[in-house]
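To keep things clear, I will list the structure first and then write my remarks on it.
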Amino acid sequence: LSTAVLRIANFFSKREHMEQTLSTLEQHLLLAVIGLHPNAYGVSIQDHIKERTGREPSTGSIYASLDRLEEKGFIKSRQGEPTAERGGRRKIYFTITAPGQHALKASLQALDALSQGLAWKGAAI
Amino acid sequence: MNKYYESSFTITMREGGVIQQTVWQDHAEDKTFHIKLDFDERHFPSRQSIALALLDLKSIMASTYGSVGTFDCAELDTLIAQFQDATNPPGFAEFMLTTLLKPARAEAVVGDLNAHFTRDYAKFGYNRAARFYWARTLRSLWPLLWRAICKAVKWGAIIDWVRWKVGL
C-alpha cells in the first residue's frame with residue numbers, strides 16, 4: 001500500500017512539475033504579453049515576436065498556446081472592441097497573472113543557470 | 001481644394017447607425033469618381049450593408065450619369081466584390097476554426113486573420129493577399145486541430161478510467 005501511495009504522490013508531483021515548465025513559445029508569449037501590456041492581443045503579440053526573434057509563429061499556434069497558458073492560470077483574457085480592419089470581429093486582450101510571472105521568472109532563471117560560465121567551445125560560431 | 005463635383009448620401013443600416021457616402025470628382029476632365037464611406041464604429045456595418053450601400057450608390061450614379069454615358073458601373077462591381085471578399089474569409093476556413101475553438105476565441109482568430117488580410121491587401125493587392133490569407137489559415141489549423149485531439153484523448157482516457165473503476 002505504501003508503494004502505491006508513493007507512486008501516486010510521485011505521479012502528481014511530476015505532473016505538477018510538467019505544468020509549471022514552459023516551452024520556448026510559451027516563454028516568448030509571456031514575455032510579449034508583459035512587454036505589450038495592456039495592448040497584448042493576437043496580432044500585436046505575433047508582430048512583437050516576429051520583430052524581436054525573426055520568427056513568425058502562426059495565429060493558430062499562438063492561440064493554442066495562449067489557451068494552454070490560460071488553463072494553467074498563467075494569463076487571463078478579456079474581450080476587446082471590434083474594428084473595421086478585423087471585419088467587425090472582437091479582439092481578445094491578454095494579461096499575465098502572478099503565477100504566470102513566477103513560472104516565467106523560474107523558467108528564465110533556469111536558462112540563465114544553464115548558460116552561465118559556458119566557454120562556447122567545440123564549435124565555431 | 002475646390003472639387004468639381006461632390007455629393008453625399010446617407011444609408012441607414014438594418015443593424016442601426018448610418019453609412020455616409022461622399023462621391024466627388026476633382027475637375028471636369030477627371031474620369032474617376034472618388035468614393036468615401038464613413039460609418040460609426042459603434043454600429044459596425046456588416047459586409048452585406050456595405051455591399052447594399054454600394055449597390056444603392058451604383059443605382060444613383062447610373063441614373064444620374066448613365067444617360068450621358070460618362071459613368072462606367074463595371075468598376076463599382078469590382079469594388080463591391082472586393083468589399084465582400086475583403087471582409088469575408090473563406091467559408092470553409094471559418095467553419096473549421098469555429099469547430100475547433102470556443103466562439104469567442106474563433107471570433108478573435110478570424111479577426112486576426114482579417115487584420116493580416118487588410119494589411120496585405122493594402123500592400124500587395126487582392127490576389128496575393130488572398131493567397132497569404134489561405135496560407136495563414138492552413139498554417140493555423142494544424143496546431144488548433146492537434147490541441148483539440150489532445151483534449152479529446154485526455155478526456156477519453158479519463159472517462160475510460162472512471163468506467164473501468166466503476167465497472168461499467
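To find a chain, count down the sequence lines: A is the first, B the second, and so on, and within it residues start at 1.
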Next on the checklist: Please give me the minimum heavy-atom distance between Ala104(B) and Gln79(A), naming the atom from each residue.
Outcome noted: CB-NE2, 3.5 Å
Next on the checklist: Sub-4.5 Å heavy-atom contacts with chain B: which residues of residues 55-68 of chain A show up?
Outcome noted: Glu56(A), Pro57(A), Ser58(A), Thr59(A), Gly60(A), Ser61(A), Tyr63(A), Ala64(A), Asp67(A), Arg68(A)
Item to check | Arg105(B) portion near chain A, given a 4.5 angstrom heavy-atom threshold | outcome: both
Checklist entry - Would you say Leu36(A) and Tyr41(A) are hydrophobically clustered, going by side-chain heavy atoms of ILVMFWY under 4.5 Å? => result no
Item to check | By side-chain contact (heavy atoms from CB on, under 4.5 Å) - contacts of Leu108(A) (at least two apart) | outcome: Gln27(A), Leu31(A), Leu104(A)
Next on the checklist: Let me check something: do Tyr93(A) and Ile75(A) share a hydrophobic cluster, defined by ILVMFWY side-chain heavy atoms less than 4.5 Å apart, either directly or through other members?
Outcome noted: no
Next on the checklist: Only heavy atoms, only distances under 4.5 angstrom. Which residues in residues 142-152 of chain B are near chain A?
Outcome noted: Pro143(B), Leu144(B), Arg147(B), Lys151(B)
Next on the checklist: Test of understanding: clusters of I, L, V, M, F, W, Y form through side-chain heavy atoms closer than 4.5 Å, transitively. Do Leu101(B) and Leu138(B) belong to the same one?
Outcome noted: yes
Checklist entry - When clusters are formed by joining ILVMFWY residues with side-chain heavy atoms under 4.5 Å apart, either directly or through shared neighbours, do Leu114(A) and Leu22(A) land in the same one? => result no
Checklist entry - In chain order, what residues pass the ring-ring contact (aromatic ring centres under 6.0 Å, His included) check against Phe94(A), with sequence neighbours excluded? => result none
Item to check | ILVMFWY network linking Val109(B) to Val43(A), side-chain heavy atoms under 4.5 angstrom | outcome: no
Next on the checklist: I need the residue from His116(B), Arg136(B), Glu107(B), Arg119(B) with the largest number of non-hydrogen atom pairs under 4.5 Å to chain A.
Outcome noted: Glu107(B)
Next on the checklist: Walk me through whether Asp112(B) and Gln46(A) qualify under side-chain contact (heavy atoms from CB on, under 4.5 Å).
Outcome noted: CA-CA 10 Å; Asp112(B) 280 3; Gln46(A) 206 171 7; 5.6 Å; no
Next on the checklist: Given heavy-atom pairs under 4.5 angstrom as the criterion, report whether the side chain, backbone, both or neither of Leu113(B) touches chain A.
Outcome noted: side chain
